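Since the model is a prediction, treat every value here as computed from it, not as a measurement.
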Amino acid sequence: MKKVAFYTLGCKLNFSETSTIGRMLETQGYQRVEFNQQPDIFIINTCSVTDNADKKCRKIVREAQKINPDGYVAILGCYAQLKPQEIATIPGVDAVLGAAEKFRLHELIDTFEKAPTGQARVFNSNIEDVIDYHASYSLNDRTRTFLKVQDGCDYPCSYCTIPLARGKSRSDTVANVVRAAHEIASRGRSAAAVKEIVLTGVNIGDFGLSDGTGLATTRRETFLDLIRALDEVEGIDRFRISSIEPNLLTDEIIAFVAQSKRFVPHFHVPLQSGANTVLGLMRRRYKRELYAERVAKIKELMPHACIGVDVIVGHPGETNALFRETYEFLNELPISYLHVFTYSERPNTHALTIRPVVSASARAERSKMLHILSDKKRRAFYESQVGRDAVVLFEEDVTQGLMQGFTENYVRVVAKYDPLLINETMPVLLTGVNADGLMEVEEVQALVAH
């Protein structure tokens with residue numbers, strides 16, 4: 001029995017696909033092991049959102065060679081789709097599989113025999129031919145399960161290579177996603193059932209444009225239809241929406257989550273810039289006024305909701321004055337945290353034609369300012385939750401005798417380690433924010449006993 005190990009770079013969507021490919025190989029008789037356990041086969045699922053992600057891929061290949069110089073190395077994912085020939089030249093790589101080929105891994109590479117040096121096999125189709133939808137979800141990898149509901153993107157944002165790496169937007173049917181949720185609820189983890197499912201995709205608000213064949217051209221089902229159906233799935237305590245575009249986050253979706261039985265009050269809504277001029281340069285499909293309306297609607301219906309924001313700093317054309325617009329806009333919004341991305345040049349993107357180019361030092365300084373703002377926003381949000389009752393899903397990570405978990409509205413909680421609490425949802429009282437910025441809880445054991 002050959003041993004296979006996986007390493008996943010990038011987003012929740014990649015984790016869902018890695019887990020599914022892993023289960024496919026297990027059904028073929030392969031034994032899944034950890035990366036450092038001398039596997040015979042290394043499968044690296046890549047990201048290519050930034051140049052740093054490409055460098056990470058190369059580093060993981062080098063680590064694989066150190067662990068087992070004779071191990072077979074296959075590279076999948078976005079980087080593999082965008083730059084297959086470049087990857088094929090990396091010493092130690094035996095195969096490269098693009099977006100259409102990664103779910104055919106065992107069919108295309110049945111023996112996993114190492115290639116002669118410099119002769120890596122490349123399996124890569126034109127992205128225009130990538131029309132199939134492959135359902136996937138993670139299982140037994142983490143406390144929460146990532147359930148893929150959509151893939152690809154039709155939005156030509158100026159800085160982004162994802163449409164080139166994953167193809168056109170396509171999605172599953174409501175019935176198939178609900179069936180997968182029932183599967184997850186029934187299979188659970190090795191010791192306990194899955195408590196939380198995170199819906200993931202490239203642009204999940206675009207759900208319903210395709211029936212999974214890549215052939216449908218008219219919308220028959222919507223994201224609202226999907227979450228209404230999932231809300232009825234028994235055996236799952238929580239559903240969480242990973243990220244949704246502001247122009248696709250409708251009043252109806254917000255209102256539904258506000259009264260939902262299982263969907264939690266947590267939204268991650270990409271902004272990218274708080275300056276309309278830059279949003280135009282980025283080819284985003286909304287203005288900051290719409291974004292502010294979405295945030296206001298969430299807070300109106302769910303005052304304790306957590307709102308996360310993606311922001312890009314240093315996009316070409318972002319002057320100091322325009323960055324200041326973004327900073328002040330974010331500072332005034334009742335949001336909870338930021339994910340800050342520093343713009344990096346990506347081949348074949350429109351942003352490369354935009355001037356002026358922002359210097360590396362200015363990008364770094366702007367990133368630092370927004371990271372500080374994010375810390376301020378997160379702490380203010382946490383402090384607003386002190387004194388409230390909440391339900392925490394505790395995770396397996398334990399550090400110095402303490403364990404952590406998340407409330408429904410994504411407050412990270414710290415508590416004294418208790419093995420009985422792992423992967424359990426438990427009521428707690430939020431008592432205060434500690435020096436590390438984590439929420440402390442009172443009398444966890446007593447509340448559990450009660």
Side-chain angles (χ1 to χ4, degrees), residues 157-159 241-249 254 265-344 356 358-388 406-407 409-412 430 432-439:
C157 296
S158 63
Y159 51 83
I241 299 170
S242 61
S243 179
I244 184 167
E245 293 285 308
N247 53 302
L248 298 175
L249 178 58
I254 296 170
H266 173 208
F267 295 86
H268 194 92
V269 190
L271 171 65
Q272 311 307 10
S273 175
N276 283 338
T277 298
V278 179
L279 288 175
L281 293 173
M282 290 178 165
R283 295 180 169 177
R284 301 293 285 169
R285 299 193 177 193
Y286 54 86
K287 294 186 176 180
R288 62 187 244 161
E289 289 78 11
L290 173 68
Y291 195 94
E293 289 174 8
R294 301 297 82 211
V295 170
K297 176 59 71 173
I298 292 170
K299 286 297 187 178
E300 174 193 340
L301 299 182
M302 292 165 278
H304 295 294
C306 178
I307 303 175
V309 184
D310 285 344
V311 194
I312 296 172
V313 296
H315 186 278
E318 183 190 63
T319 63
N320 287 331
L322 291 172
F323 170 72
R324 178 58 61 179
E325 280 189 40
T326 293
Y327 185 94
E328 293 175 353
F329 180 69
L330 289 167
N331 190 42
E332 294 170 3
L333 280 179
I335 56 175
S336 310
Y337 63 89
L338 305 174
H339 281 174
V340 183
F341 299 88
T342 301
Y343 170 80
S344 64
V358 180
S359 69
S361 60
R363 297 182 206 183
E365 181 60 27
R366 293 171 190 178
S367 175
K368 180 180 178 181
M369 290 177 65
L370 288 188
H371 275 100
I372 293 171
L373 179 61
S374 179
D375 291 341
K376 170 187 165 184
K377 288 287 187 179
R378 189 187 301 271
R379 189 167 191 93
F381 174 64
Y382 277 25
E383 288 176 348
S384 74
Q385 303 301 296
V386 172
R388 295 189 65 238
F406 285 97
T407 64
N409 62 341
Y410 213 57
V411 173
R412 185 184 286 274
L430 307 178
V433 184
N434 67 18
D436 296 323
L438 302 176
M439 181 69 75

> Who are the side chain to side chain donor-acceptor pair (under 3.5 Å) partners of Asn434, not counting sequence neighbours?
Replying inline: none
> Under the ring-ring contact (aromatic ring centres under 6.0 Å, His included) rule, what pairs show up with a residue in residues 284-311, not counting sequence neighbours?
Replying inline: none
>> For Ser243, give me all partners under side chain to side chain donor-acceptor pair (under 3.5 Å), at least two apart in sequence or on another chain.
In response: none
>> Using 0.5 Å steps for rounding, measure from the NZ atom of Lys368 to the CG atom of Leu373.
In response: 14.5 Å
>> For a 4.5 angstrom cut-off between non-hydrogen side-chain atoms, does Leu249 reach Ile298?
In response: yes
>> Going by side chain to side chain contact (heavy atoms under 4.5 Å, CB included), name the residues that satisfy it together with Ser242, two or more places apart in sequence or in a different chain.
In response: Lys12, Val198, Thr200, Ile204
> What are the two closest non-hydrogen atoms of Val358 and Arg363, and how far apart are they?
Replying inline: O-NE, 2.9 Å
> Are any of the side-chain heavy atoms of Thr319 and Thr277 separated by less than 4.5 Å?
Replying inline: no
>> Using the side-chain contact (heavy atoms from CB on, under 4.5 Å) definition, which of the options Ile307, Val309, Asp310, Ile244 pairs with His268?
In response: Asp310
> Is there a side-chain contact between Ile312 and Tyr159 (heavy atoms, below 4.5 Å)?
Replying inline: yes
> Who pairs with Glu300 by side chain to side chain contact (heavy atoms under 4.5 Å, CB included), at least two apart in sequence or on another chain?
Replying inline: Lys297
> Is the backbone N or O of Ala364 less than 3.5 Å from a side-chain atom of Ser367, with the two atoms forming a donor-acceptor pair by type?
Replying inline: no
> What residues form a salt bridge (charged side-chain N to carboxylate O under 4.0 Å, His left out) with Lys377, not counting sequence neighbours?
Replying inline: none
>> Can you list everything that forms a side chain to side chain donor-acceptor pair (under 3.5 Å) with His266? Sequence neighbours excluded, please.
In response: Arg240, Tyr337
> Residues two or more places apart in sequence or in another chain: which of them pass side chain to side chain donor-acceptor pair (under 3.5 Å) with Glu332?
Replying inline: none
>> Could you walk me through whether Asn409 and Met302 satisfy the side chain to side chain contact (heavy atoms under 4.5 Å, CB included) test, starting with their C-alpha distance in whole Å, then the side-chain angles of each, then the deciding distance to 0.1 Å, before giving a yes or no?
In response: CA-CA 10 Å; Asn409 62 341; Met302 292 165 278; over 6 Å; no
> Heavy-atom distance under 4.5 Å between the side chains of His315 and Ser158, does that happen here?
Replying inline: yes
>> If the condition is side chain to side chain contact (heavy atoms under 4.5 Å, CB included), which residues does Ser361 pass it with, not counting sequence neighbours?
In response: Ser359
Can you give each donor-acceptor pair under 3.5 Å made by side-chain atoms of residues 320-328, sequence neighbours left out, with the distance rounded to 0.1 Å?
unit_1	atom_1	unit_2	atom_2	d
Asn320	OD1	Arg366	NH2	2.7
Thr326	OG1	Ser273	OG	3.2
Thr326	OG1	Gly274	N	2.8

> Is the closest side-chain heavy-atom distance between Asn247 and Arg284 below 4.5 Å?
Replying inline: no
> Sequence neighbours excluded, which residues qualify as side chain to side chain contact (heavy atoms under 4.5 Å, CB included) partners of Tyr382?
Replying inline: Arg378, Val411, Arg412, Val433, Met439
> Passes side chain to side chain contact (heavy atoms under 4.5 Å, CB included), Ile335 versus Leu271? Steps please.
Replying inline: CA-CA 11 Å; Ile335 56 175; Leu271 171 65; over 6 Å; no
>> According to ring-ring contact (aromatic ring centres under 6.0 Å, His included), who are the partners of His371, at least two apart in sequence or on a separate chain?
In response: none
>> Let me confirm one number: the NZ-OG distance from Lys376 to Ser374, rounded to the nearest 0.5 Å.
In response: 11.5 Å
> Closest approach of Ser336 and Cys306, non-hydrogen atoms and distance?
Replying inline: OG-CA, 3.4 Å
